[in-house]
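Reminder, nothing fancy here: chain letters follow the sequence lines and each chain counts from 1. Since we're looking at a predicted model, the values are computed, not measured.
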Amino acid sequence: MEQPVQTETWKARSLEELVRILHQIFAEDKVSVEEVQTLMESYESNPEEWLQYAKFDQYRYTRNLVDSGNGKFNLMILCWGEGHGSSIHDHTDSHCFMKILQGNLKETLFEWPGKKGNGEMTKKSERVLRENQCAYINDSIGLHRVENISHTEPAVSLHLYSPPFDTCNTFDQRTGHKHKVTMTFYSQFGERTVC
Amino acid sequence: LPAGLSQWFPALEVLDVSGTGLAEMGTELLSLPCLHTLLAKNNRLGGPGSLPKGLGQAPLARSLRVLNLSGNRFSEVPPELLQVRGLRSLSLGGNRLHSIPPDIQELRSLEFLYLGGNFIMAIPPELAKLPSLRYLVLCDNKIQSIPPQLAQLHSLRSLSLHNNLLTYLPREILNLVHLEELSLRGNPLVVRFVRDLTYNPPSLQELAGRTVKTRNVPYAPSDLPDSLVRYLSLASNCPNPKCGGVYFDSCVRQIKFVDFCGKYRLPLMHYLCSPECSTPFSSASQSSTSQSESDSEDEASVAAHRMQKVLLG
C-alpha cells in the first residue's frame, strides 16, 4: 500500500519567513497545493512587513513583485483601489494562490466558454474573501474575475504563481471571446518600474 | 469635532476622522488655514449640519483639495460642497445619492470624482464641463444612459461604468482620446442588432437654440439669462458630416454596432438631428453604400481602434 505524501504544516510568522519557507518547499520536485495554501493562510498579515510593496495606482489595480522564487514561482502583492477589478482571466496552466492581506476581494468563478464562444459566459459561483483567507485556482478549476467591491476601502492581496507567467487570456463575459494579454509589474522588489 | 481644534493644531494639513460615528462637522473646521485633505468616510454624515455653515465663504473653500465622504448617508450632494472651489478630489462613494446636481460644474478644479455605489439614475450633461476631470467613477448605480456631452471631458483617463443599466453608449464616447480605462461589465448592453428609430419633436426652445447655433446669431452673456447661455453651450453636432446641424435634447436615435476586430461589439447610439438627416439604412444589411456613411465610418474606425486598446488593455 502506498504511503500518503507527508505534508508539513508550516506557520509563517513574518513575510520574510513565508518567502524563506516557500523557497524551501519549491526546491523539491513535488509541491503540494494544500501545503502551500496552509502556509499562505498561516501568515498573519502585518502591514509593516509589506507596506513597501503596496503601491497603489489611482486608475486600476497594480501588480508589485516581491520575490521571483528562483524561477520556480512569482510572489507579488496586488493593490486594489475602491471599485478596481480585473477582467475574467485564465492562469496559463499555472497554479495561483491568492491571500487577502487587507480589505476584501470578491472572486467570481466562471466556466470555460464553449468552442464557439458565442454567448454569455456561465457564472459558477462567487464569494467574498476576508483578510488572511487564501484562495486557490488553476485552469482545470475554471476562470475567475477578482474585484474590490468596496467603495470605501482599498484592498491588498498576496499572490503566488507557479510556474511564473507573464501572458494570459482575458475573456469578454458577454460573448466568451478571449484575447491574449501581457501582464506587467507596477513595481519590482519595492521599486517602481519605469516603462 | 472639538471646538478648540484650530487653536491646538493651527498648522493641520490632513485630518482623518473616518469611522468615528461623526454626524456633523461644525465651524471649528473653518479656521484651519492649512487644511488640504479631509477624510471623513464611514460616518453618520448626511443630514443638515454635515458640513459647516459658511463653508463657501471660508478660506477652507480655497485650500481644501481632497474630500472623502464615502460610506456616509448623503441622499443629495450638499449645496455647500459645491462652493469648495479648490477641490481636486471628491469621493461620495457608498452613499444614498439619487442624482448628481448640474451645479457640480462649479467644482472647476476637480480631477477625481468617485460616485460609485449610490442610486444615481442619470448623469447631467453639465458634468462634462469639468475641464480637469481625469478619473470618473459611476459604477454600481442605476444609470440608463450616458449623455453624449460627456465626450467633452477631454482630460478623462479613466471611466468606470460597470454594474449599471446601460443598454448602449453614445457614439461620441469614441472621442475621448486620452481614455485609458473603461469598464462596462454588468450592464445589459444590447448584443443583437437593434434598429430603433424614435423621434420626439423639438421644443420651441430647442428650435430657437438650433437657429442661433446654425446661423451663428451673435449673442453675449449680457443678452441672455444665464440658464439660456448654458443651454446654448450644450449643443451637440449632428454626426452626419454632410449636415451642419446641431441638436440639444431632441434627436433621432439609432443603434449601430462598432466591431472591434470581431471580438467585441459595442452598441453605440448615433444621434442625428432629425429623421431627414438619417443616412439610408437598409434593414437587410448593416452596411450602407452612401458616401457620408463611409466617411464617418473611416473616422469611426480610427477612434474604434483606439477604443479597442482601451477596452482590451
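- Within 6.0 Å of the CD atom in A:E16, the count of heavy atoms belonging to other residues, nucleotides or ligands does not exceed 12.
- Surrounding CD of A:E191 are at most 12 heavy atoms belonging to other residues, nucleotides or ligands under 6.0 Å away.
- Listed by chain and number, the residues in a ring pair (Phe, Tyr, Trp, His ring centres under 6.0 Å) with A:Y59 are B:Y135 (sequence neighbours excluded).
- One distance of note links NE2 of A:H151 with CG of B:L92; it measures 12.5 Å at 0.5 Å rounding.
- When the heavy atoms of residues 41-48 of chain B are compared with those of chain A, the residues falling under 4.5 Å are B:K41, B:N42, listed by number.
- Between chain B and the options A:I149, A:T182, A:T152, the largest number of non-hydrogen pairs under 4.5 Å is found for A:T152.
- For the atom pair CD (A:E82) and SG (B:C139), the distance works out to 10.0 Å, reported to the nearest 0.5 Å.
- Atom-to-atom distance recorded for B:R185:CZ and A:Q173:CD is 8.5 Å, nearest 0.5 angstrom.
- Of residues 125-145 of chain A, those residues with a non-hydrogen atom less than 4.5 Å from any non-hydrogen atom of chain B are, in numerical order, A:R145.
- Within a 6.0 Å radius of NZ in A:K124, more than 12 heavy atoms belonging to other residues, nucleotides or ligands are found.
- For the atom pair CD of A:Q58 and OG of B:S89, the computed distance is 6.5 Å after rounding to the nearest 0.5 Å.
- Under a cut-off of 6.0 angstrom, the local environment of NZ in A:K11 is crowded, with over 12 non-hydrogen atoms contributed by other residues, nucleotides or ligands.
- Chain A forms more heavy-atom pairs under 4.5 Å with one residue of B:N95, B:D140, B:N68, B:V137 than with any other, namely B:D140.
- Residues of residues 84-108 of chain A having a heavy atom under 4.5 Å from any heavy atom of chain B, listed by number: A:H84, A:G85.
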